[in-house]
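Chain A is the first sequence line, chain B the second, and so forth, proteins listed ahead of strands; every chain is numbered from 1.
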2 protein chains.
Amino acid sequence: MPTNIDTLCINTIRTLSMDAVQKANSGHPGTAMALAPVAYTLWRDVLNYDPANPLWPNRDRFVLSIGHASMLLYSLIYLAGIRDVRPGGVSNDRPALTLEDIEQFRQLDSLTPGHPEYHHTAGVETTTGPLGQGCGNSVGMAIAEKWLAERYNRPGFTLFDHHVYTLCGDGDNMEGVSSEAASIAGHLKLGNLTWIYDSNHISIEGSTRIAFTESVHKRFEAYGWHVLELKDANDTGDMRRLLAEAKAETSRPTLIIVHSIIGWGAPHLAGTAEAHGSPLGVEEVRETKKFYGWPEDRNFYVPEGVPEHFQAGIATRGAAASRAWDELFRAYRAKYPDEAAQLDHIFAGTLPEGWDSDIPVFDADAKGVASRASSGKVLNEIAKNYPWMIGGSADLSPSTKTHLTFDGAGDFQPPQWGGTYGGRNLHFGVREHAMGSISNGLALYGIRAYCSGFLIFSDYMKPPIRLSSLMKLPVTYIFTHDSIGVGEDGPTHQPIEQLAQLRATPGVTVLRPADANEVAEAWRTLVQIRDRPSVLALSRQNLPTICRKTYAPATGLAKGAYVLADAQGRPDVILMATGSEVGLIVKAAEKLKADGIKVRLVSMPSWDLFEAQPKAYRDSVLPPDVTARVAVEQAAQLGWDRYTGLVGETIVMHGFGASAPAGQLEVKFGFTVDAVVAAARRQAGKPA
Amino acid sequence: MPTNIDTLCINTIRTLSMDAVQKANSGHPGTAMALAPVAYTLWRDVLNYDPANPLWPNRDRFVLSIGHASMLLYSLIYLAGIRDVRPGGVSNDRPALTLEDIEQFRQLDSLTPGHPEYHHTAGVETTTGPLGQGCGNSVGMAIAEKWLAERYNRPGFTLFDHHVYTLCGDGDNMEGVSSEAASIAGHLKLGNLTWIYDSNHISIEGSTRIAFTESVHKRFEAYGWHVLELKDANDTGDMRRLLAEAKAETSRPTLIIVHSIIGWGAPHLAGTAEAHGSPLGVEEVRETKKFYGWPEDRNFYVPEGVPEHFQAGIATRGAAASRAWDELFRAYRAKYPDEAAQLDHIFAGTLPEGWDSDIPVFDADAKGVASRASSGKVLNEIAKNYPWMIGGSADLSPSTKTHLTFDGAGDFQPPQWGGTYGGRNLHFGVREHAMGSISNGLALYGIRAYCSGFLIFSDYMKPPIRLSSLMKLPVTYIFTHDSIGVGEDGPTHQPIEQLAQLRATPGVTVLRPADANEVAEAWRTLVQIRDRPSVLALSRQNLPTICRKTYAPATGLAKGAYVLADAQGRPDVILMATGSEVGLIVKAAEKLKADGIKVRLVSMPSWDLFEAQPKAYRDSVLPPDVTARVAVEQAAQLGWDRYTGLVGETIVMHGFGASAPAGQLEVKFGFTVDAVVAAARRQAGKPA
């Protein structure tokens, strides 16, 4: 065995990774083997991180965007001795990962799942696996760091000055989302961000020469990045030097291109696609260990002194830094109690007092207001009282009405562009996908992030929406222009299936408010939801503000669906709708009532909130014995049968929209009072 | 008025665009005004296009990726005098667009919708609007041109040598999909492709300096593109020179960066975001016309001689070229009748004889085979007999089993990388979004395109899937690893809501076959569908091959759902499932049958095909009076209530998956014979 302790540490990472994948008979050994020296250098010698306090707010962040190389991260977490974190805080009882946990790699309910999962394993800063997402997240983290520093640092009190490191690969760098994220990071001059790019020239189909021959180096320079190259992934000295250069460059993000050999050390599989996503095989593992000078028959072997040496770097450095920070924060709290209290909220993910004190109530108004516009008002009234609520749009804020306009809101821009990092309006550019991924990064810092675009373009950002939910992050997605109400822009811009796809996504709260007061209640509701993302689907067109003296109060929204108006006794028919179509069933009900038909009106702004209610409530809104039902929504039918049953009717979109003034589209596609009345009469057994 | 006829033509384009937007009170005037000289130069002086024959196969293609500038394209189509195309071919009776059509811009059922729509307006080569998609489509078109040239050109018979031009903007170039597409285009050295990038420094939120300050020039050089700059969009002479340079560079794609002023000529709005997406206003229109030297009060004014001068360029050049091509093709047909017959099929979108002659039948097999694997076999057997079926994967073909392995299939690679443009296996790299967009471009040429990835990553490519459907393109999306059956890779890689979102998308045929013979029938069915995309959802894990002597034949798949096995008389309960879960209900039924419970088994591989059947058939499969029903699918519940009704049960996924061996996940999430039996007994009113 080599006697050099650094080499022992590096080979421990390699062999733990190989062994875990081999035992699971599933996983990705090659990248962990190749990058062990790089990751070791970063963690042991550079990363400002206290394993005893994995929640320390000013810790450097490490993002493994190549999530399939999860064993690399698990090995680092184990060797660093990171303590476990459970609800309530850091555990002193146990480490985040034991050797036994690593032996349970990819097994049911283990702490070492196939891809790293935030909230599941302490030390994992974000859930990765879907390529490019970690890159986007890390840009959000770097923005968050800049924002926190600008907002909360004070002379003599540098609370925030940490760095964000991302390990990414060829796959990440082929994905469009990382291109978007890199472009905006370059624009924002995020000098606190370093991506370490593992250039191993191997992808699943073989050499990258079959599909990826661009100059990544020149591309990142074009984005305004500082680009460095590590000629040999095994050269830890050079890596240390490059990391120092990266840190020293504070006005640009840095890309370090690492030239590596996947599966380094494996006699037959190194440098091949076969080393990427499959166990090496027992014999190849043995021969690789031999090459490393490792005991060939020992599995999950950690030589004496290895964790100690690893921790003598990261833990010693990190403990001193985090203790000093705690001291600093104590003094800061004494001098700046309000700011410290805000930071407490940010770190805990809790709400500021009075956040809802200025939520407006809207007067009844037949002409009404577009829900995107009422939302813009409510958002501003909340954000004004919620200082760490920040967000923006993918170049659509004049349309989505998400710009914060109150004094001091400002734009987030680097000083070099004449702005400040303390601004609260983010400009994502026409980059929906990165916008979602960046918002997840912001939320991981406790910042209350929102982002916005047209509902149709939620298609461009589905992967980060899903990850918001998987990570239980309260990102607010504000999607306007939510139906054929878009009008003239036509079918390319008119969402049909988007509501269904968001409703089908586990853990996403979808809210489609019917009028300005439901918008206010939607915001009131979603802000209080701190463990999952919310989607607000809002109209381009005006929606009448319902008279809440005549109709039930909008607070019913909190239960997902509620009876807006009812007949005396058992209704002949239930009319239900969401968003812009609630106004339509209200009008139809007036006509039906005049004709002596007993109608119950149900507003259903959120199916998932409704499904979370007790059965008794759900049955009180939709009594099982009243099967005469009509649902109206300018969207795909999928899912409505749950509420209309086998005999009810739906008035929905059965295909794509069209380009014309919105009013004419309503007629073309059958969203008229007459159509609703006719359906209701059929259902009630009283055809006209 | 200016007397220069070129200026008159250019200003006609500008004023038609301004007037149409103003009259519609909706639309995007500024870009058309800015780019009129560029588009005029390209169309009048360069584009090889015969307006009398818009279907001429060797025509240059023009893609307006900035689809919001639709009036620019409509003006060009009108001035060029493109003939209309309807089912059956080119119309001699009427032009594609009249001045009256342009006056109906953005009106109900007009030929001039808000964004250009393929199939709707002759001369529109692809539907655009969602940014970046046209860029991706154009890469697919350029690939198609290269492929057709390599496969069908013969010495002395250069049937294919045309060029693809794309007009794109800042928005396109911020989108990740265009980055992906540009990277692969550079790799493939598509010298037949030119993107003209309108760099006007304005986006909807204002100056691009707030979000987009990278060097696009250097970025494209990094991709291996040839990059040129046009200093002044109004300099038509320089533009002609640059277009000649672009065409002369045959070994790289070309980017021409055009420096323009949005809304050029508008005295108050030029160079502002206000000129982008709203009518200029009556007064500004008037003053702009004054600036152009135009009659201020005339709307939709086309000065005498303008169409004639425009057509003297494009139509004269195009007619000669297309006539010569027709001659050439006649001679080609005489010498190469087989190849000509293939081209006839490609141009008509029809199938070759014998395409299905080698589709295998699979023997019953309890161990079975993964549907991704049986699909790989069937695909190869079909593609072998379907010479213009080409496709590939986003770096996952070893996993999706989509590589064509028969003799002569080959890889599509440029000669410079030692390959040939005649290969049938495309390597998209880890670029799902561009893969979909490129596949649409291939399909627009009549090539039968397929592409593949993991079902979870359909999230990365939803926008082009939607556009396949909107354009009625028969792209085949092969998505494997379609459930928690993925196993150890865990929740980031296990689709839950993806089936629902694809089913909700209008016009997409989703097929989730249950075994190898359903896979064969799925392919047989989808290949015959020529007017919409299909999605194949396939398993990673083995699925038993059902004994079709005992159970109904797999040909039932063509109807979307069919009775796989039935009880004597009225069933006590209906069990239904798709894909990998059909094997589970088959096992449960055996147990229930042994217990004397009468079970009907329904395999439901395709909801949309089932919904397209007559009610009598649907009722014969799911009799309305049998409401005791259990549906089983390892996916989100959304949509299943349509078949289970208000009283049936579903065994589905209620949240995200987990990382563990697949068999253990089935137990964890309740997909067991016992669970199905218990639900069936409850439904049948015979609990154990």
Side-chain angles (χ1 to χ4, degrees), chain A residues 26 106-108 113-115 129-131 171 174-177 179-180 183 186-187 203-205 210-215 218-219 222-223 395-397 427 429-431 433 459-460 462-463 470 488-492 496-497 500-501 504-506 636 638-639 641-642 645-646 655-656 659-660 664, chain B residues 26 106-108 113-115 129-131 171 174-177 179-180 183 186-187 203-205 210-215 218-219 222-223 395-397 427 429-431 433 459-460 462-463 470 488-492 496-497 500-501 504-506 636 638-639 641-642 645-646 655-656 659-660 664:
Chain A
S26 166
R106 294 186 158 231
Q107 303 309 301
L108 190 64
H115 292 83
L131 289 172
M174 283 189 257
E175 290 286 4
V177 60
S179 295
E180 294 176 9
S183 177
H187 166 79
S203 63
I204 291 174
E205 293 187 359
I210 64 172
F212 189 46
T213 49
E214 62 170 63
S215 167
K218 287 186 183 158
R219 173 155 66 91
Y223 293 138
D395 194 41
L396 284 173
S397 67
H427 296 282
V430 188
R431 304 182 183 97
H433 200 164
D459 277 7
Y460 277 70
K462 175 72 205 313
L470 196 52
E488 291 89 344
D489 272 348
T492 54
I496 302 291
E497 70 277 21
Q501 65 196 35
T505 307
L638 201 87
D641 302 274
R642 184 166 185 82
L646 293 176
F656 292 106
S659 170
Q664 294 176 33
Chain B
S26 168
R106 292 183 161 236
Q107 302 310 301
L108 190 65
H115 291 82
L131 290 173
M174 284 189 256
E175 290 286 4
V177 60
S179 296
E180 294 177 8
S183 176
H187 167 78
S203 63
I204 291 174
E205 293 187 358
I210 64 174
F212 189 48
T213 49
E214 63 171 62
S215 168
K218 287 185 183 158
R219 173 156 64 91
Y223 294 137
D395 194 39
L396 284 172
S397 67
H427 296 282
V430 189
R431 304 182 183 99
H433 199 165
D459 277 8
Y460 276 68
K462 176 71 206 309
L470 196 51
E488 291 89 344
D489 271 349
T492 54
I496 302 293
E497 70 276 22
Q501 65 197 34
T505 306
L638 202 87
D641 302 274
R642 183 166 186 83
L646 293 175
F656 293 106
S659 170
Q664 293 176 36

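Note: A/Ile210 leads A/Ile210, A/Leu131, A/Thr213 in heavy-atom pairs under 4.5 Å with chain B. If you tally non-hydrogen atom pairs under 4.5 Å between each of A/Ala660, A/Gly171, A/Ala222, A/Ser215 and chain B, the highest count goes to A/Ala222. Interface remark: of the candidates A/Gly490, A/Ala636, A/Gly645, A/Ser203, A/Ser203 forms the most heavy-atom pairs closer than 4.5 Å to chain B. Taking A/Ala504, A/Gly655, A/Gly129, A/Gly639 one by one and counting their heavy-atom pairs under 4.5 Å with chain B, the maximum is reached by A/Ala504. Per-residue heavy-atom pair counts under 4.5 Å with chain B were compared for A/Thr492, A/Val177, A/Val430, and the maximum is reached by A/Val430.
The backbone N or O of B/Ala211 lies less than 3.5 Å from a partner atom in the side chain of A/Arg431, making a donor-acceptor pair. Between the side chain of A/Ser659 and the backbone N or O of B/Gly114 there is at least one donor-acceptor pair closer than 3.5 Å. In this structure a side-chain-to-backbone donor-acceptor pair under 3.5 Å is present from B/Glu180 to A/Gly176.
The side-chain heavy atoms of A/Tyr460 and B/Pro130, taken from C-beta on, include a pair separated by under 4.5 Å. Side-chain contact between A/Asp489 and B/Arg106: present, with at least one pair of heavy atoms (C-beta onward) separated by less than 4.5 Å. The shortest distance between side-chain heavy atoms of A/Gln501 and B/Leu638 does not fall below 4.5 Å. In this structure, B/His187 and A/Phe212 have side chains that are not in contact, with every pair of non-hydrogen atoms separated by 4.5 Å or more.
Within the 4.5 angstrom heavy-atom criterion, only side-chain atoms of B/His433, from C-beta onward, approach chain A. In this structure, chain A has a heavy atom under 4.5 Å from the side chain of B/Ser26, while its backbone stays farther away. Contacts between B/Ser179 and chain A at a heavy-atom distance below 4.5 Å involve the side chain alone, from C-beta outward.
Closest heavy-atom contact between B/Met174 and A/Gly429: SD-CA, 3.7 Å. Looking at every heavy atom in both residues, A/Ile204 comes nearest to B/Asp395 through N-OD2, 2.9 Å.
A salt bridge links A/Glu497 with B/Lys462: the closest approach of a Lys/Arg side-chain nitrogen to an acidic carboxylate oxygen falls below 4.0 angstrom.
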